[in-house]
Amino acid sequence: MAHLIRSFDWSSTPIGPIEGWEDVLLTTVNVMLASRHAMFLFWGDDLIQFYNDAYRATFDETQHPLALGNRGRQFWEPIWHIIGPQVDSVL
């Protein structure tokens, strides 16, 4: 996942290229990538998605790598009525 994140065209997302990311995002992504435990991150108002290798294993072949860099509400639209309120309560 580290390679995929580095090679992803982040300029096509609201968070922009990696070179312009806030330190807190860089640190969080690096911690996530280093973990053996499944980790997933929504970032920003658009809930841009990141995940590590362990979380990648939870996706089926239609979800990965499409989930990376995608907006959470759009990607999870079929189940957003379930997970949306949970995400809102965390935020």
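Predicted model, so just to flag it, every value in this text is computed and none were measured. One-based numbering along the sequence shown.
- Arg71 is listed as a side-chain neighbour of Pro14, based on a closest heavy-atom distance under 4.5 Å.
- Taking hydrophobic clusters as Ile, Leu, Val, Met, Phe, Trp and Tyr residues chained together by side-chain heavy-atom distances below 4.5 Å, Trp10 shares a cluster with Val24.
- With a 4.5 Å cut-off on side-chain heavy atoms, Leu66 and Phe75 count as touching.
- Linking Ile, Leu, Val, Met, Phe, Trp and Tyr whenever their side-chain heavy atoms come within less than 4.5 Å puts Val87 and Tyr55 in one cluster.
- Of all non-hydrogen atoms in Met1 and Leu33, the two that sit nearest each other are CB-CD2, 3.8 Å.
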Decide side chain to side chain contact (heavy atoms under 4.5 Å, CB included) for Ile48 and Asn70; before the verdict, give the C-alpha distance in whole Å, the side-chain angles of both, and the deciding distance to 0.1 Å. CA-CA 6 Å; Ile48 301 301; Asn70 209 319; over 6 Å; no
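- The hydrophobic cluster containing Ile82 also contains Leu47, counting ILVMFWY residues as joined when their side-chain heavy atoms lie under 4.5 angstrom apart, directly or transitively.
- Put simply, the side chain of Ile15 reaches to within 4.5 Å of the side chain of Leu25, judged on heavy atoms.
- A heavy-atom distance below 4.5 Å is not found between the side chains of Thr28 and Phe50.
- Two residues are said to be in side-chain contact when any heavy atoms from C-beta on lie closer than 4.5 Å; Thr13 and Asp46 fail this criterion.
- Note that CH2 of Trp21 and CD of Glu19 are 9.5 Å apart. Values are rounded to the nearest 0.5 Å.
- Atom CG of Asp45 is surrounded by 12 or fewer heavy atoms from other residues, nucleotides or ligands within 6.0 Å.
- Sequence neighbours left out, the pairs with a member in residues 59-68 that pass side-chain hydrogen bond (donor to acceptor under 3.5 Å, both in side chains) are Tyr51-His64, Arg56-His64, Asp60-Thr62.
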Does Trp43 form a side chain to side chain contact (heavy atoms under 4.5 Å, CB included) with Glu22? I'd like the steps, not just the answer. CA-CA 11 Å; Trp43 187 263; Glu22 301 172 46; 4.3 Å; yes
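- No path of Ile, Leu, Val, Met, Phe, Trp and Tyr side chains, each step under 4.5 Å between heavy atoms, connects Val31 with Leu41, placing them in separate hydrophobic clusters.
- Sorted by first and then second residue, the side-chain hydrogen bond (donor to acceptor under 3.5 Å, both in side chains) pairs involving residues 73-91 (not counting sequence neighbours) are Gln49-Trp76.
- Hydrophobic clustering (side-chain heavy atoms under 4.5 Å, transitive across Ile, Leu, Val, Met, Phe, Trp, Tyr) groups Leu91 together with Phe40.
- Asn52 places no side-chain N or O within donor-acceptor distance of the main-chain N or O of Ala38, the cut-off being under 3.5 Å.
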